[in-house]
Protein chains: 2
Amino acid sequence: MEISHRNLTQQLVHELGKAILQGKYSENKLPSEADIAKEYDISRTATREAIKMLTAKGLISSRPRQGIKVQDIKHWNLFDSDVLRWVLLGKPDLYMLRHFLDVRLAIEPAAASLAARYASDDEIIKIETSLSKLKFEGSGYDDTHQADIDFHKSILFASNNPFFIQLQTFVETALKVNLHFTKRADAVSEKEYQEHVDIFNCIKAGDEQGAFDTAAKTTKLTISLVNERIAALERINKT
Amino acid sequence: MEISHRNLTQQLVHELGKAILQGKYSENKLPSEADIAKEYDISRTATREAIKMLTAKGLISSRPRQGIKVQDIKHWNLFDSDVLRWVLLGKPDLYMLRHFLDVRLAIEPAAASLAARYASDDEIIKIETSLSKLKFEGSGYDDTHQADIDFHKSILFASNNPFFIQLQTFVETALKVNLHFTKRADAVSEKEYQEHVDIFNCIKAGDEQGAFDTAAKTTKLTISLVNERIAALERINKT
DNA sequence: TGGGTCTTATTTGTATTATTAATACTATTG
DNA sequence: CAATAGTATTAATAATACAAATAAGACCCA
(Lines give C-alpha, C1' and ligand atoms only; values in the text may rest on other atoms or scores of the structure.)
Protein backbone atom coordinates (compact mmCIF):
# COMPACT_ATOMS: atom_id res chain seq x y z
CA MET A 1 0.00 0.00 0.00
CA GLU A 2 1.07 3.56 -0.60
CA ILE A 3 0.14 6.82 1.06
CA SER A 4 -0.05 10.31 -0.38
CA HIS A 5 2.68 12.89 -0.07
CA ARG A 6 3.19 15.59 2.55
CA ASN A 7 3.99 14.53 6.08
CA LEU A 8 4.43 10.82 5.68
CA THR A 9 4.47 10.35 9.43
CA GLN A 10 1.12 12.08 9.93
CA GLN A 11 -0.39 10.11 7.08
CA LEU A 12 0.83 6.85 8.53
CA VAL A 13 -0.49 7.78 11.97
CA HIS A 14 -3.88 8.26 10.43
CA GLU A 15 -3.75 5.06 8.35
CA LEU A 16 -2.64 2.93 11.28
CA GLY A 17 -5.05 4.62 13.65
CA LYS A 18 -7.98 3.85 11.40
CA ALA A 19 -6.77 0.32 10.75
CA ILE A 20 -6.36 -0.43 14.44
CA LEU A 21 -9.82 0.89 15.26
CA GLN A 22 -11.31 -1.18 12.48
CA GLY A 23 -9.88 -4.23 14.16
CA LYS A 24 -7.68 -4.93 11.17
CA TYR A 25 -4.97 -6.44 13.31
CA SER A 26 -6.06 -9.81 14.61
CA GLU A 27 -5.01 -10.75 18.11
CA ASN A 28 -4.07 -7.12 18.66
CA LYS A 29 -0.67 -7.70 17.15
CA LEU A 30 0.80 -5.32 14.58
CA PRO A 31 3.53 -6.22 12.10
CA SER A 32 7.09 -5.33 13.00
CA GLU A 33 8.38 -1.83 12.30
CA ALA A 34 10.32 -3.15 9.33
CA ASP A 35 7.24 -4.80 7.84
CA ILE A 36 5.07 -1.73 8.32
CA ALA A 37 7.74 0.39 6.67
CA LYS A 38 7.85 -2.02 3.76
CA GLU A 39 4.08 -2.23 3.43
CA TYR A 40 3.63 1.53 3.19
CA ASP A 41 6.90 2.04 1.33
CA ILE A 42 8.39 4.54 3.74
CA SER A 43 11.46 4.55 5.93
CA ARG A 44 11.68 2.92 9.30
CA THR A 45 12.39 6.34 10.81
CA ALA A 46 9.03 7.75 9.72
CA THR A 47 7.36 4.52 10.78
CA ARG A 48 8.87 4.71 14.25
CA GLU A 49 7.73 8.30 14.64
CA ALA A 50 4.19 7.30 13.73
CA ILE A 51 4.36 4.42 16.21
CA LYS A 52 5.52 6.84 18.89
CA MET A 53 2.59 9.17 18.23
CA LEU A 54 0.11 6.33 18.49
CA THR A 55 1.85 5.23 21.67
CA ALA A 56 1.45 8.74 23.05
CA LYS A 57 -2.28 8.52 22.36
CA GLY A 58 -2.45 5.26 24.29
CA LEU A 59 -3.45 3.08 21.36
CA ILE A 60 -0.45 0.78 21.24
CA SER A 61 2.65 -0.27 23.12
CA SER A 62 5.90 -1.65 21.81
CA ARG A 63 8.72 -3.57 23.41
CA PRO A 64 11.77 -5.27 21.98
CA ARG A 65 11.33 -8.85 20.90
CA GLN A 66 7.63 -8.58 21.67
CA GLY A 67 6.64 -6.25 18.89
CA ILE A 68 3.84 -3.72 18.67
CA LYS A 69 0.59 -4.54 20.44
CA VAL A 70 -2.77 -2.82 20.59
CA GLN A 71 -3.48 -1.63 24.13
CA ASP A 72 -6.64 -2.35 26.02
CA ILE A 73 -9.35 0.21 25.28
CA LYS A 74 -9.13 1.63 28.78
CA HIS A 75 -5.73 3.06 27.89
CA TRP A 76 -6.95 4.85 24.75
CA ASN A 77 -7.19 8.60 25.00
CA LEU A 78 -10.77 8.76 23.84
CA PHE A 79 -10.80 12.51 24.46
CA ASP A 80 -8.10 12.94 21.84
CA SER A 81 -9.98 14.07 18.76
CA ASP A 82 -7.93 11.86 16.44
CA VAL A 83 -8.67 8.78 18.49
CA LEU A 84 -12.30 9.75 18.80
CA ARG A 85 -12.62 10.18 15.04
CA TRP A 86 -11.06 6.78 14.40
CA VAL A 87 -13.34 5.19 16.96
CA LEU A 88 -16.46 6.72 15.50
CA LEU A 89 -15.42 5.96 11.93
CA GLY A 90 -14.41 2.43 12.85
CA LYS A 91 -17.58 1.43 14.66
CA PRO A 92 -20.37 3.83 13.79
CA ASP A 93 -22.95 2.14 15.97
CA LEU A 94 -25.80 3.40 18.09
CA TYR A 95 -24.27 2.10 21.30
CA MET A 96 -21.20 4.27 20.90
CA LEU A 97 -23.46 7.17 20.05
CA ARG A 98 -25.36 6.67 23.29
CA HIS A 99 -22.13 6.45 25.27
CA PHE A 100 -21.10 9.70 23.73
CA LEU A 101 -24.43 11.33 24.49
CA ASP A 102 -24.11 10.24 28.11
CA VAL A 103 -20.85 12.15 28.24
CA ARG A 104 -22.45 15.20 26.69
CA LEU A 105 -25.20 14.96 29.28
CA ALA A 106 -22.53 15.11 31.94
CA ILE A 107 -20.49 17.85 30.31
CA GLU A 108 -22.80 20.35 28.70
CA PRO A 109 -25.18 21.17 31.55
CA ALA A 110 -22.17 21.61 33.82
CA ALA A 111 -20.51 23.88 31.27
CA ALA A 112 -23.68 25.89 30.82
CA SER A 113 -23.92 26.31 34.56
CA LEU A 114 -20.33 27.52 34.77
CA ALA A 115 -20.92 29.83 31.81
CA ALA A 116 -23.87 31.36 33.64
CA ARG A 117 -21.52 32.19 36.47
CA TYR A 118 -18.29 33.17 34.74
CA ALA A 119 -19.04 34.22 31.15
CA SER A 120 -17.67 37.62 30.13
CA ASP A 121 -19.62 40.04 27.96
CA ASP A 122 -17.61 39.02 24.92
CA GLU A 123 -18.34 35.38 25.53
CA ILE A 124 -22.05 36.09 25.89
CA ILE A 125 -21.98 37.90 22.57
CA LYS A 126 -20.21 34.95 20.96
CA ILE A 127 -22.96 32.59 22.10
CA GLU A 128 -25.62 34.98 20.89
CA THR A 129 -23.97 35.28 17.47
CA SER A 130 -24.01 31.56 16.80
CA LEU A 131 -27.56 31.47 18.08
CA SER A 132 -28.63 34.09 15.54
CA LYS A 133 -26.94 32.14 12.73
CA LEU A 134 -28.92 29.13 13.86
CA LYS A 135 -32.13 31.02 13.32
CA PHE A 136 -31.29 32.52 9.94
CA GLU A 137 -33.66 30.88 7.51
CA GLY A 138 -31.77 31.29 4.23
CA SER A 139 -28.70 29.37 5.37
CA GLY A 140 -28.07 25.87 4.11
CA TYR A 141 -27.90 22.60 5.95
CA ASP A 142 -24.16 22.63 6.57
CA ASP A 143 -24.14 26.22 7.79
CA THR A 144 -26.98 25.61 10.20
CA HIS A 145 -25.27 22.60 11.73
CA GLN A 146 -21.97 24.44 11.96
CA ALA A 147 -23.84 27.16 13.83
CA ASP A 148 -25.27 24.47 16.10
CA ILE A 149 -21.80 23.17 16.78
CA ASP A 150 -20.48 26.68 17.35
CA PHE A 151 -23.25 27.31 19.85
CA HIS A 152 -22.19 24.35 21.94
CA LYS A 153 -18.52 25.25 21.57
CA SER A 154 -19.04 28.84 22.64
CA ILE A 155 -20.77 27.68 25.81
CA LEU A 156 -17.88 25.38 26.62
CA PHE A 157 -15.51 28.27 26.00
CA ALA A 158 -17.53 30.59 28.21
CA SER A 159 -17.21 28.17 31.12
CA ASN A 160 -13.71 29.63 31.59
CA ASN A 161 -12.58 26.16 32.64
CA PRO A 162 -9.60 24.83 30.65
CA PHE A 163 -10.90 21.27 30.86
CA PHE A 164 -14.25 22.13 29.37
CA ILE A 165 -12.58 24.37 26.81
CA GLN A 166 -10.44 21.43 25.75
CA LEU A 167 -13.63 19.48 25.15
CA GLN A 168 -14.58 21.87 22.35
CA THR A 169 -12.80 19.75 19.76
CA PHE A 170 -14.13 16.61 21.39
CA VAL A 171 -17.72 17.76 20.96
CA GLU A 172 -17.09 19.17 17.50
CA THR A 173 -15.46 16.01 16.21
CA ALA A 174 -18.17 13.77 17.56
CA LEU A 175 -21.01 15.94 16.31
CA LYS A 176 -19.52 16.10 12.84
CA VAL A 177 -18.90 12.38 12.60
CA ASN A 178 -22.33 11.59 13.95
CA LEU A 179 -23.87 13.79 11.29
CA HIS A 180 -22.39 11.43 8.75
CA PHE A 181 -24.61 8.68 9.99
CA THR A 182 -27.64 10.41 11.46
CA LYS A 183 -28.02 12.94 8.71
CA ARG A 184 -31.52 14.24 8.68
CA ALA A 185 -33.12 16.11 5.82
CA ASP A 186 -34.54 18.84 8.00
CA ALA A 187 -32.60 21.67 9.52
CA VAL A 188 -32.85 22.58 13.18
CA SER A 189 -36.50 22.60 14.15
CA GLU A 190 -38.32 25.50 15.75
CA LYS A 191 -38.57 23.59 19.01
CA GLU A 192 -34.87 22.86 19.10
CA TYR A 193 -34.14 26.48 18.36
CA GLN A 194 -36.35 27.58 21.22
CA GLU A 195 -34.51 25.26 23.59
CA HIS A 196 -31.23 26.82 22.56
CA VAL A 197 -32.68 30.25 23.23
CA ASP A 198 -33.76 29.11 26.69
CA ILE A 199 -30.26 27.95 27.50
CA PHE A 200 -28.80 31.21 26.28
CA ASN A 201 -31.23 33.31 28.30
CA CYS A 202 -30.35 31.45 31.48
CA ILE A 203 -26.65 31.94 30.85
CA LYS A 204 -27.11 35.64 30.12
CA ALA A 205 -29.20 36.07 33.24
CA GLY A 206 -26.60 34.29 35.33
CA ASP A 207 -29.11 31.60 36.27
CA GLU A 208 -26.81 28.66 36.95
CA GLN A 209 -29.46 26.15 37.93
CA GLY A 210 -31.67 27.15 35.02
CA ALA A 211 -28.82 26.85 32.53
CA PHE A 212 -27.99 23.43 33.92
CA ASP A 213 -31.59 22.20 33.76
CA THR A 214 -32.40 23.48 30.29
CA ALA A 215 -29.17 22.13 28.83
CA ALA A 216 -29.81 18.77 30.47
CA LYS A 217 -33.35 18.70 29.16
CA THR A 218 -32.23 19.13 25.56
CA THR A 219 -29.62 16.39 25.73
CA LYS A 220 -31.93 14.02 27.57
CA LEU A 221 -34.43 14.34 24.77
CA THR A 222 -31.84 13.25 22.23
CA ILE A 223 -30.78 10.36 24.44
CA SER A 224 -34.32 9.07 24.76
CA LEU A 225 -34.64 9.14 20.97
CA VAL A 226 -31.45 7.10 20.58
CA ASN A 227 -32.57 4.71 23.31
CA GLU A 228 -35.81 4.12 21.44
CA ARG A 229 -33.91 3.36 18.26
CA ILE A 230 -31.64 0.98 20.14
CA ALA A 231 -34.63 -0.76 21.70
CA ALA A 232 -36.26 -1.11 18.30
CA LEU A 233 -33.04 -2.50 16.87
CA GLU A 234 -32.77 -5.06 19.65
CA ARG A 235 -36.36 -6.21 19.09
CA ILE A 236 -35.52 -6.81 15.44
CA ASN A 237 -32.39 -8.74 16.29
CA LYS A 238 -34.30 -10.98 18.66
CA THR A 239 -36.87 -12.09 16.10
CA MET B 1 21.74 18.43 31.29
CA GLU B 2 21.75 14.66 31.26
CA ILE B 3 19.03 12.10 31.71
CA SER B 4 19.25 8.62 33.09
CA HIS B 5 19.48 5.54 30.94
CA ARG B 6 16.68 3.24 29.87
CA ASN B 7 14.14 4.63 27.45
CA LEU B 8 15.77 7.89 26.58
CA THR B 9 12.79 8.99 24.52
CA GLN B 10 10.35 8.49 27.38
CA GLN B 11 12.65 10.32 29.75
CA LEU B 12 12.99 13.23 27.39
CA VAL B 13 9.23 13.38 26.87
CA HIS B 14 8.83 13.72 30.60
CA GLU B 15 11.58 16.30 31.00
CA LEU B 16 10.31 18.45 28.16
CA GLY B 17 6.69 18.03 29.26
CA LYS B 18 7.48 19.26 32.73
CA ALA B 19 9.67 22.09 31.42
CA ILE B 20 6.98 23.29 29.04
CA LEU B 21 4.31 23.28 31.72
CA GLN B 22 6.58 25.19 34.05
CA GLY B 23 6.78 27.88 31.43
CA LYS B 24 10.49 27.35 31.03
CA TYR B 25 10.40 28.28 27.38
CA SER B 26 9.84 31.97 27.01
CA GLU B 27 7.70 33.16 24.14
CA ASN B 28 6.54 29.57 23.71
CA LYS B 29 9.54 28.80 21.56
CA LEU B 30 11.61 25.68 22.10
CA PRO B 31 15.19 25.24 20.93
CA SER B 32 15.78 23.46 17.64
CA GLU B 33 15.87 19.69 17.57
CA ALA B 34 19.62 19.81 17.21
CA ASP B 35 20.00 22.03 20.26
CA ILE B 36 17.71 19.91 22.40
CA ALA B 37 19.64 16.82 21.39
CA LYS B 38 22.88 18.54 22.34
CA GLU B 39 21.50 19.83 25.65
CA TYR B 40 20.35 16.39 26.80
CA ASP B 41 23.24 14.59 25.11
CA ILE B 42 21.12 12.22 23.04
CA SER B 43 20.71 11.68 19.35
CA ARG B 44 18.45 13.75 17.14
CA THR B 45 16.49 10.58 16.36
CA ALA B 46 15.47 10.07 19.98
CA THR B 47 14.79 13.78 20.32
CA ARG B 48 12.50 13.76 17.32
CA GLU B 49 10.57 10.81 18.71
CA ALA B 50 10.04 12.68 21.95
CA ILE B 51 8.93 15.76 20.02
CA LYS B 52 6.47 13.62 18.09
CA MET B 53 4.98 12.22 21.28
CA LEU B 54 4.49 15.69 22.71
CA THR B 55 2.98 16.74 19.41
CA ALA B 56 0.56 13.82 19.65
CA LYS B 57 -0.49 15.06 23.09
CA GLY B 58 -1.18 18.49 21.64
CA LEU B 59 1.47 20.33 23.63
CA ILE B 60 3.63 21.53 20.77
CA SER B 61 3.77 21.87 17.02
CA SER B 62 6.76 21.95 14.74
CA ARG B 63 7.24 23.19 11.21
CA PRO B 64 10.30 23.53 9.03
CA ARG B 65 12.21 26.75 9.39
CA GLN B 66 9.81 27.83 12.10
CA GLY B 67 10.95 25.48 14.80
CA ILE B 68 9.08 23.97 17.71
CA LYS B 69 6.41 26.05 19.39
CA VAL B 70 4.23 25.49 22.42
CA GLN B 71 0.60 25.23 21.35
CA ASP B 72 -2.21 27.23 22.87
CA ILE B 73 -3.61 25.53 25.98
CA LYS B 74 -6.87 24.74 24.20
CA HIS B 75 -4.99 22.21 22.10
CA TRP B 76 -3.50 20.38 25.07
CA ASN B 77 -4.96 16.99 25.79
CA LEU B 78 -5.69 17.75 29.42
CA PHE B 79 -7.38 14.38 29.79
CA ASP B 80 -4.10 12.67 29.00
CA SER B 81 -2.75 11.65 32.38
CA ASP B 82 0.81 12.66 31.48
CA VAL B 83 -0.28 16.14 30.48
CA LEU B 84 -2.50 16.42 33.52
CA ARG B 85 0.34 15.45 35.83
CA TRP B 86 2.65 18.02 34.24
CA VAL B 87 -0.05 20.66 34.52
CA LEU B 88 -0.73 19.97 38.17
CA LEU B 89 2.94 19.72 39.06
CA GLY B 90 3.73 22.86 37.09
CA LYS B 91 1.09 25.11 38.59
CA PRO B 92 -0.23 23.61 41.79
CA ASP B 93 -2.68 26.39 42.50
CA LEU B 94 -6.14 26.49 43.98
CA TYR B 95 -7.71 27.78 40.78
CA MET B 96 -6.63 24.73 38.83
CA LEU B 97 -7.87 22.58 41.69
CA ARG B 98 -11.28 24.21 41.47
CA HIS B 99 -11.37 23.77 37.69
CA PHE B 100 -10.64 20.12 38.23
CA LEU B 101 -13.30 19.80 40.89
CA ASP B 102 -15.82 21.36 38.53
CA VAL B 103 -15.02 18.57 36.07
CA ARG B 104 -15.43 15.96 38.78
CA LEU B 105 -18.76 17.50 39.66
CA ALA B 106 -19.80 17.01 36.05
CA ILE B 107 -18.36 13.51 35.71
CA GLU B 108 -18.87 11.61 38.91
CA PRO B 109 -22.58 12.10 39.53
CA ALA B 110 -23.21 11.15 35.91
CA ALA B 111 -21.05 8.06 36.28
CA ALA B 112 -22.78 7.10 39.52
CA SER B 113 -26.11 7.46 37.80
CA LEU B 114 -25.00 5.22 34.93
CA ALA B 115 -23.55 2.74 37.39
CA ALA B 116 -26.90 2.56 39.14
CA ARG B 117 -28.42 1.56 35.82
CA TYR B 118 -25.81 -0.67 34.26
CA ALA B 119 -23.50 -2.06 36.97
CA SER B 120 -23.08 -5.84 36.98
CA ASP B 121 -22.95 -7.87 40.18
CA ASP B 122 -19.17 -8.10 39.93
CA GLU B 123 -18.88 -4.36 39.55
CA ILE B 124 -21.12 -3.79 42.58
CA ILE B 125 -18.88 -6.09 44.60
CA LYS B 126 -15.81 -4.18 43.47
CA ILE B 127 -17.29 -0.91 44.71
CA GLU B 128 -18.27 -2.52 47.99
CA THR B 129 -14.78 -3.93 48.48
CA SER B 130 -13.07 -0.55 48.21
CA LEU B 131 -15.74 0.87 50.48
CA SER B 132 -14.94 -1.68 53.15
CA LYS B 133 -11.23 -0.89 52.91
CA LEU B 134 -12.14 2.73 53.41
CA LYS B 135 -13.76 1.89 56.71
CA PHE B 136 -11.03 -0.34 58.06
CA GLU B 137 -9.59 1.54 61.01
CA GLY B 138 -6.16 -0.03 61.25
CA SER B 139 -5.06 0.97 57.77
CA GLY B 140 -2.64 3.82 57.30
CA TYR B 141 -3.06 7.13 55.57
CA ASP B 142 -1.86 6.01 52.15
CA ASP B 143 -3.98 2.86 52.14
CA THR B 144 -7.10 4.77 53.10
CA HIS B 145 -6.63 7.28 50.33
CA GLN B 146 -5.87 4.57 47.81
CA ALA B 147 -9.15 2.96 48.86
CA ASP B 148 -10.85 6.31 48.37
CA ILE B 149 -9.38 6.56 44.87
CA ASP B 150 -10.36 2.97 44.11
CA PHE B 151 -13.91 3.70 45.21
CA HIS B 152 -14.23 6.49 42.68
CA LYS B 153 -12.52 4.44 39.99
CA SER B 154 -14.77 1.44 40.50
CA ILE B 155 -17.84 3.62 40.05
CA LEU B 156 -16.44 5.01 36.81
CA PHE B 157 -15.73 1.45 35.69
CA ALA B 158 -19.24 0.33 36.61
CA SER B 159 -20.75 2.99 34.37
CA ASN B 160 -19.99 0.63 31.49
CA ASN B 161 -19.25 3.67 29.39
CA PRO B 162 -15.80 3.63 27.71
CA PHE B 163 -15.45 7.40 28.04
CA PHE B 164 -16.03 7.38 31.77
CA ILE B 165 -13.85 4.31 32.13
CA GLN B 166 -11.06 6.19 30.39
CA LEU B 167 -11.42 8.90 33.00
CA GLN B 168 -10.28 6.48 35.71
CA THR B 169 -6.65 7.43 35.21
CA PHE B 170 -7.64 11.07 34.90
CA VAL B 171 -9.31 11.05 38.30
CA GLU B 172 -6.59 8.93 39.88
CA THR B 173 -3.77 11.14 38.65
CA ALA B 174 -5.44 14.30 39.75
CA LEU B 175 -6.41 12.96 43.17
CA LYS B 176 -2.89 11.74 43.81
CA VAL B 177 -1.27 14.99 42.75
CA ASN B 178 -3.73 17.04 44.72
CA LEU B 179 -2.95 15.02 47.82
CA HIS B 180 0.58 16.32 47.54
CA PHE B 181 -0.64 19.81 48.19
CA THR B 182 -3.79 19.41 50.22
CA LYS B 183 -2.47 16.72 52.50
CA ARG B 184 -4.47 16.61 55.66
CA ALA B 185 -3.40 14.90 58.82
CA ASP B 186 -6.71 13.16 59.35
CA ALA B 187 -7.91 10.18 57.41
CA VAL B 188 -11.35 9.99 55.86
CA SER B 189 -13.85 11.28 58.38
CA GLU B 190 -16.91 9.42 59.56
CA LYS B 191 -19.16 11.84 57.72
CA GLU B 192 -17.27 11.37 54.45
CA TYR B 193 -17.46 7.65 54.89
CA GLN B 194 -21.20 7.82 55.42
CA GLU B 195 -21.58 9.82 52.19
CA HIS B 196 -19.68 7.15 50.31
CA VAL B 197 -21.99 4.53 51.78
CA ASP B 198 -25.00 6.53 50.63
CA ILE B 199 -23.69 6.67 47.08
CA PHE B 200 -23.02 2.95 47.10
CA ASN B 201 -26.49 2.12 48.42
CA CYS B 202 -28.14 4.13 45.68
CA ILE B 203 -26.07 2.40 43.01
CA LYS B 204 -26.81 -1.02 44.45
CA ALA B 205 -30.53 -0.22 44.63
CA GLY B 206 -30.49 1.00 41.03
CA ASP B 207 -31.58 4.45 42.15
CA GLU B 208 -30.17 6.60 39.34
CA GLN B 209 -31.40 9.96 40.59
CA GLY B 210 -30.33 9.19 44.14
CA ALA B 211 -26.86 8.14 43.03
CA PHE B 212 -26.56 11.32 41.02
CA ASP B 213 -27.69 13.55 43.86
CA THR B 214 -25.61 11.99 46.61
CA ALA B 215 -22.49 11.99 44.45
CA ALA B 216 -23.07 15.61 43.51
CA LYS B 217 -23.62 16.56 47.14
CA THR B 218 -20.25 15.17 48.18
CA THR B 219 -18.32 16.94 45.46
CA LYS B 220 -20.17 20.21 45.97
CA LEU B 221 -19.11 20.22 49.58
CA THR B 222 -15.47 19.95 48.58
CA ILE B 223 -15.90 22.70 46.01
CA SER B 224 -17.39 25.09 48.53
CA LEU B 225 -14.42 24.45 50.81
CA VAL B 226 -12.00 25.27 48.02
CA ASN B 227 -14.01 28.33 47.07
CA GLU B 228 -13.77 29.57 50.64
CA ARG B 229 -10.03 29.13 50.62
CA ILE B 230 -9.78 30.97 47.31
CA ALA B 231 -11.92 33.80 48.62
CA ALA B 232 -9.73 34.04 51.72
CA LEU B 233 -6.64 34.08 49.55
CA GLU B 234 -8.01 36.86 47.39
CA ARG B 235 -8.82 38.95 50.46
CA ILE B 236 -5.22 38.62 51.59
CA ASN B 237 -3.88 39.57 48.19
CA LYS B 238 -6.01 42.70 48.13
CA THR B 239 -4.73 44.04 51.41
C1' DT C 1 8.70 54.21 -3.58
C1' DG C 2 6.08 50.11 -3.66
C1' DG C 3 5.43 45.62 -4.67
C1' DG C 4 6.36 41.47 -6.50
C1' DT C 5 9.99 37.81 -7.32
C1' DC C 6 14.28 35.31 -6.41
C1' DT C 7 17.79 33.66 -3.52
C1' DT C 8 19.54 31.97 0.56
C1' DA C 9 19.88 30.17 5.01
C1' DT C 10 17.71 27.61 8.57
C1' DT C 11 15.04 24.03 10.43
C1' DT C 12 12.25 20.12 10.16
C1' DG C 13 11.21 15.84 7.32
C1' DT C 14 12.80 11.52 5.45
C1' DA C 15 16.00 7.92 4.33
C1' DT C 16 19.80 4.75 5.19
C1' DT C 17 22.77 2.08 7.83
C1' DA C 18 24.85 0.38 11.85
C1' DT C 19 25.04 -0.75 16.64
C1' DT C 20 23.08 -1.67 21.14
C1' DA C 21 19.66 -3.43 24.39
C1' DA C 22 15.94 -6.18 25.83
C1' DT C 23 13.75 -10.51 25.90
C1' DA C 24 11.39 -14.80 24.33
C1' DC C 25 12.90 -19.09 23.01
C1' DT C 26 16.21 -23.00 22.81
C1' DA C 27 19.78 -25.91 23.94
C1' DT C 28 23.08 -27.38 27.15
C1' DT C 29 24.66 -29.18 31.24
C1' DG C 30 24.79 -30.52 36.02
C1' DC D 1 14.42 -31.90 35.81
C1' DA D 2 15.96 -27.35 36.56
C1' DA D 3 19.04 -23.84 36.31
C1' DT D 4 21.91 -21.58 33.09
C1' DA D 5 24.00 -20.13 29.09
C1' DG D 6 23.38 -19.30 24.30
C1' DT D 7 20.77 -17.58 20.24
C1' DA D 8 17.68 -15.16 17.54
C1' DT D 9 14.39 -11.50 17.04
C1' DT D 10 12.81 -6.98 17.49
C1' DA D 11 12.71 -2.51 19.22
C1' DA D 12 15.89 1.47 20.86
C1' DT D 13 19.36 4.53 19.81
C1' DA D 14 22.77 6.63 17.01
C1' DA D 15 25.08 8.90 13.11
C1' DT D 16 24.86 10.86 8.74
C1' DA D 17 23.18 12.51 4.45
C1' DC D 18 19.94 14.68 1.71
C1' DA D 19 15.21 16.63 0.64
C1' DA D 20 11.53 19.84 1.46
C1' DA D 21 9.49 23.77 3.42
C1' DT D 22 9.68 28.44 4.48
C1' DA D 23 10.98 32.96 6.76
C1' DA D 24 13.81 36.74 5.78
C1' DG D 25 16.15 39.54 3.12
C1' DA D 26 18.10 40.88 -1.48
C1' DC D 27 16.95 42.22 -5.74
C1' DC D 28 14.65 43.97 -9.65
C1' DC D 29 11.38 46.59 -12.12
C1' DA D 30 7.61 49.57 -13.00
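Everything numeric here is computed off the predicted structure, so don't read it as measured data.
- Of the N and O atoms on the side chains of B/Asp148 and B/His196, at least one donor lies less than 3.5 Å from an acceptor on the other residue.
- Taking atom CD1 of residue B/Ile60 and atom C1' of nucleotide C/dT11, one finds them 14 Å apart after rounding to whole Å.
- Every residue two or more places apart in sequence or in another chain that forms a side-chain contact (heavy atoms from CB on, under 4.5 Å) with B/Glu108 is listed here: B/Arg104, B/His152.
- A straight line from CE of A/Met53 to P of C/dG13 spans 10 Å, rounded to a whole angstrom.
- Two residues are said to be in side-chain contact when any heavy atoms from C-beta on lie closer than 4.5 Å; B/Leu233 and B/Leu94 meet this criterion.
- Counting any heavy atom pair closer than 4.0 Å across all strands shown, B/Thr45 reaches a base atom.
- A straight line from NZ of A/Lys29 to P of D/dT10 spans 8 Å, rounded to a whole angstrom.
- As judged by a 4.0 angstrom heavy-atom cut-off over every strand, B/Ile68 is placed among residues touching the sugar-phosphate backbone only.
- Of all nucleotides listed (C/dA18, C/dT14, C/dG13), C/dT14 comes nearest to the side chain of A/Ser43.
- Rounded to whole Å, the distance from CZ on A/Arg44 to P on C/dT17 is 13 Å.
- Distances were taken from every side-chain heavy atom of B/Arg48 (C-beta onward) to each of D/dT13, C/dA15, C/dG13; the shortest belongs to C/dG13.
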side-chain contact (heavy atoms from CB on, under 4.5 Å) evaluation trace for A/Thr9 with A/Thr45: CA-CA 9 Å; A/Thr9 301; A/Thr45 307; over 6 Å; no

I'd like a table of atom pairs between the protein and nucleotides 23-25 of chain D - only N or O on both sides, under 3.5 Å - with the distance next to each one.
from   : atom 1 : to      : atom 2 : distance (Å)
D/dA23 : OP1    : B/Gln66 : OE1    : 3.2

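- Evaluation of the side-chain hydrogen bond (donor to acceptor under 3.5 Å, both in side chains) test over residues 155-169 of chain B, restricted to residues two or more places apart or in two chains, returns B/Glu123-B/Asn160.
- Evaluation of the ring pair (Phe, Tyr, Trp, His ring centres under 6.0 Å) rule for B/Trp76 yields no partner, not counting sequence neighbours.
- Within the 4.0 Å cut-off from OP1 or OP2 of C/dT14, at least one side-chain nitrogen or oxygen of A/Thr9 is found.
- An OP1 or OP2 oxygen of C/dT11 is reached within less than 4.0 angstrom by no side-chain nitrogen or oxygen of B/Ser62.
- Atom-to-atom, CG of B/Leu8 to P of C/dA22 comes out at 10 Å; the value is rounded to the nearest Å.
- Here the C1' atom of nucleotide C/dT14 and the CD1 atom of B/Ile51 are 17 Å apart, to the nearest Å.
- D/dA14 atom P lies 14 Å from atom CD of B/Glu33, rounded to whole Å.
- A/Phe164 is linked by a ring pair (Phe, Tyr, Trp, His ring centres under 6.0 Å) to nothing, counting only residues two or more places apart in sequence or in another chain.
- When the local axes at the two ends of the helix from C/dT1-D/dA30 to C/dG30-D/dC1 are compared, using 5 base pairs at each end, they differ in direction by 0° after rounding to 10°.
- As rounded to whole Å, 15 Å separates atom P of D/dA11 from atom CD of B/Gln10.
- Remark: aromatic rings of B/Phe170 and A/Phe163 are close, center separation under 6.0 Å.
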One pair to check against salt bridge (Lys or Arg N to Asp or Glu O under 4.0 Å): A/Asp82 and A/Lys57. What are the steps and the verdict? CA-CA 9 Å; A/Asp82 287 328; A/Lys57 290 177 187 296; 3.3 Å; yes

